[in-house]
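Not measured: the values here are computed from a predicted model.
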Amino acid sequence: MTNTNGGSIEISSTLAPMQINDADFRHMVTFIKGNYGIDLTQKRQLITGRLSPAIRQLGYKSFSEFVDHLLHTKDEQEITLLINKLTTNYTFFMREQEHLDFFRNHIIPDIVRRHQRDKCLSIWSAGCSTGEEPYNLSMYLFDYLGPHAAEWDTRILATDISARALASAQKGVYELPDSIPREWRKKYFTPNPDGTHTVSNAVRKNVIFQPFNLMDPIRFRKKFDVIFCRNVMIYFDQPTKDALVRRFYDATVPGGYLLISYSENLSQQSPYRRLATATFQK
């Protein structure tokens with residue numbers, strides 16, 4: 001890390017967190033929520049605990065100095081640092097297995113049937129974190145289509161607001177959990193000397209990683225057959241969730257699907273109809 005004058009500095013991690021006054025806390029919460037949808041109203045301790053070491057390393061002597069600079073300059077590197085520190089990029093392969101079973105047994109057959117003519121599927125992993133979800137979905141698609149997979153365009157759009165998460169996802173290197181089927185380890189991964197595994201080239205090429213802020217208008221070229229947005233809306237308050245779901249709905253083809261996490265739900269005002277736990281259809 002460098003300070004504001006460009007010099008390298010080392011800061012002891014044992015220093016107590018900096019304190020943030022009420023005005024600066026409100027300004028930061030308002031800025032983050034207004035621009036990124038993340039509700040930190042009840043996260044004052046999280047802000048001071050996670051940001052204090054990084055702010056010191058950047059050369060700031062107080063939160064007031066940092067917040068004032070951030071709000072006036074909207075420095076992209078500092079905003080990236082802020083998002084990376086305040087969001088948790090926790091995910092893993094085969095997460096919420098019942099969801100994946102529904103995707104394999106019901107959703108894939110349905111969307112493949114609909115696209116027999118153009119052979120082009122449109123799937124979005126919104127909030128893809130470090131990439132396990134879109135890679136996982138690609139493996140299910142390849143398994144279902146088998147020898148015909150090469151005839152189809154199954155590329156998955158995978159977006160996240162965190163540059164750090166996207167950089168990790170693009171590398172495609174993971175410690176594999178026991179839940180990964182043995183045949184998948186052989187087909188879709190290459191072992192590395194350190195015990196990690198790299199996702200195969202075919203699977204990696206099937207995912208298009210792209211930075212995207214879910215608070216922005218959704219203006220992708222095509223509407224989606226399936227949108228996965230799991231463990232993302234836990235950071236948002238209800239009005240922000242409702243507005244995002246309406247944007248998802250507009251970006252979904254008729255009959256298309258939205259899958260959220262089991263720890264989330266849609267409000268009664270949601271335009272989607274519920275199919276199963278955390279699974280909805282337009």
Side-chain angles (χ1 to χ4, degrees), residues 25-26 28-44 46-47 82-83 86-92 95-108 110-111 114 122-129 132-134 136-137 156-162 165 210-220 222-282:
F25 177 70
R26 287 195 304 273
M28 181 175 286
V29 167
T30 300
F31 175 76
I32 295 297
K33 184 177 178 184
N35 289 277
Y36 305 101
I38 301 169
D39 185 5
L40 297 169
T41 308
Q42 306 299 322
K43 304 294 184 181
R44 188 168 187 150
L46 178 84
I47 289 174
L82 196 63
I83 297 299
L86 297 179
T87 57
T88 303
N89 303 119
Y90 175 69
T91 187
F92 48 90
R95 188 174 192 177
E96 297 183 336
Q97 183 66 54
E98 290 182 34
H99 248 174
L100 298 176
D101 290 343
F102 192 91
F103 178 68
R104 177 190 61 202
N105 297 330
H106 299 280
I107 295 178
I108 295 179
D110 181 39
I111 61 177
R114 291 193 220 169
S122 185
I123 299 173
W124 180 16
S125 172
C128 67
S129 187
E132 287 93 333
E133 178 179 271
N136 227 166
L137 301 179
I156 294 171
L157 174 66
T159 67
D160 202 275
I161 198 172
S162 170
Q210 185 174 317
F212 184 73
N213 182 351
L214 289 173
M215 296 302 100
D216 290 342
I218 299 173
R219 293 172 178 162
F220 296 113
K222 294 182 63 176
K223 293 193 175 186
F224 296 96
D225 298 301
V226 190
I227 298 175
F228 280 80
C229 186
R230 303 192 296 173
N231 299 289
V232 175
M233 291 188 285
I234 54 174
Y235 293 109
F236 304 156
D237 63 15
Q238 196 60 51
T240 304
K241 293 177 189 177
D242 291 343
L244 176 58
V245 168
R246 286 193 294 271
R247 292 198 298 279
F248 280 153
Y249 188 82
D250 291 340
T252 306
V253 301
Y257 301 87
L258 171 67
L259 289 86
I260 62 177
S261 77
Y262 289 144
S263 61
E264 302 165 325
N265 207 344
L266 302 188
S267 70
Q268 293 182 345
Q269 288 72 42
S270 166
Y272 289 95
R273 69 182 183 95
R274 183 182 181 277
L275 289 181
T277 303
T279 306
F280 303 86
Q281 188 173 30
K282 180 170 177 175

Check side chain to side chain contact (heavy atoms under 4.5 Å, CB included) between R247 and all other residues, then give those that pass, not counting sequence neighbours.
M215, I218, A243, L244
Over all heavy atoms of both residues, which pair between K282 and T252 is shortest? Give the atoms and the distance, please.
NZ-O, 2.8 Å
Could you give me the CA-CA distance, side-chain angles and deciding distance for F103 and N136, then say whether side chain to side chain contact (heavy atoms under 4.5 Å, CB included) is met?
CA-CA 11 Å; F103 178 68; N136 227 166; over 6 Å; no
Side-chain contact, heavy-atom cut-off 4.5 Å: I111 with I123?
yes
Can you tell me how far CZ of R274 sits from CG of N265, rounded to the nearest 0.5 angstrom?
7.5 Å
So, for I156 and S125, which heavy atoms are closest and what is the spacing to 0.1 Å?
CG2-N, 4.3 Å
Short question: side chain of K33, backbone of L40 - any donor-acceptor pair under 3.5 Å?
no
Can you tell me how far the OG1 atom of T279 sits from the OH atom of Y272, to the nearest 0.5 Å?
12.5 Å
Has the side chain of Y262 got a donor or acceptor atom that lies under 3.5 Å from a matching backbone atom of H99?
yes
Cut-off 3.5 Å, side chains only: do D39 and T41 have a donor facing an acceptor?
yes
Sidechain-backbone polar pair: E264 side chain, R230 backbone, donor-acceptor under 3.5 Å
no
Take the angle between the ring planes of F220 and F212 and call it parallel below 30°, perpendicular above 60°, tilted in between.
tilted
State whether the side chain of N213 and the backbone N or O of I161 hold a donor-acceptor pair below 3.5 Å, judged by distance alone.
no
Contacts of R246 that satisfy salt bridge (charged side-chain N to carboxylate O under 4.0 Å, His left out) - sequence neighbours left out:
none
How long is the straight-line distance from CD1 of I227 back to CD1 of I260, given to the nearest 0.5 Å?
12.0 Å
Between A126 and V232, the two heavy atoms sitting closest are O-CG2, 3.6 Å
Of all the heavy-atom pairs spanning E133 and F228, show the shortest one and how long it is.
OE2-CB, 3.4 Å
Would you say the side chain of V245 lies within less than 4.5 Å of the side chain of F280, judging by non-hydrogen atoms?
no
Using atom types as modelled and distance alone, determine if a side-chain donor or acceptor of D110 lies under 3.5 Å from a backbone N or O of H106.
no
Treating Q281 as the side-chain partner and G255 as the backbone partner, does any N or O pair qualify as donor plus acceptor under 3.5 Å?
yes
Just so I know, are the side chains of F31 and Y36 near enough to count as touching, which here means a heavy-atom distance under 4.5 Å?
yes
Spatial distance of atom CD1 (I47) from atom CZ (R44) [nearest 0.5 Å]
8.5 Å
Where do S261 and A278 come nearest, in terms of heavy atoms and distance?
O-CB, 3.5 Å
Measuring from atom CD1 of I107 to atom CG of L259, what distance do you get when rounded to the nearest 0.5 angstrom?
4.5 Å
CZ on R104 to CG on L137, rounded to 0.5 Å
12.5 Å
Please name the pair of heavy atoms, one in S263 and one in N231, separated by the smallest distance, quoted to 0.1 Å.
OG-OD1, 3.6 Å
Between F236 and I38, is the side chain to side chain contact (heavy atoms under 4.5 Å, CB included) condition met? List the steps.
CA-CA 5 Å; F236 304 156; I38 301 169; 4.3 Å; yes
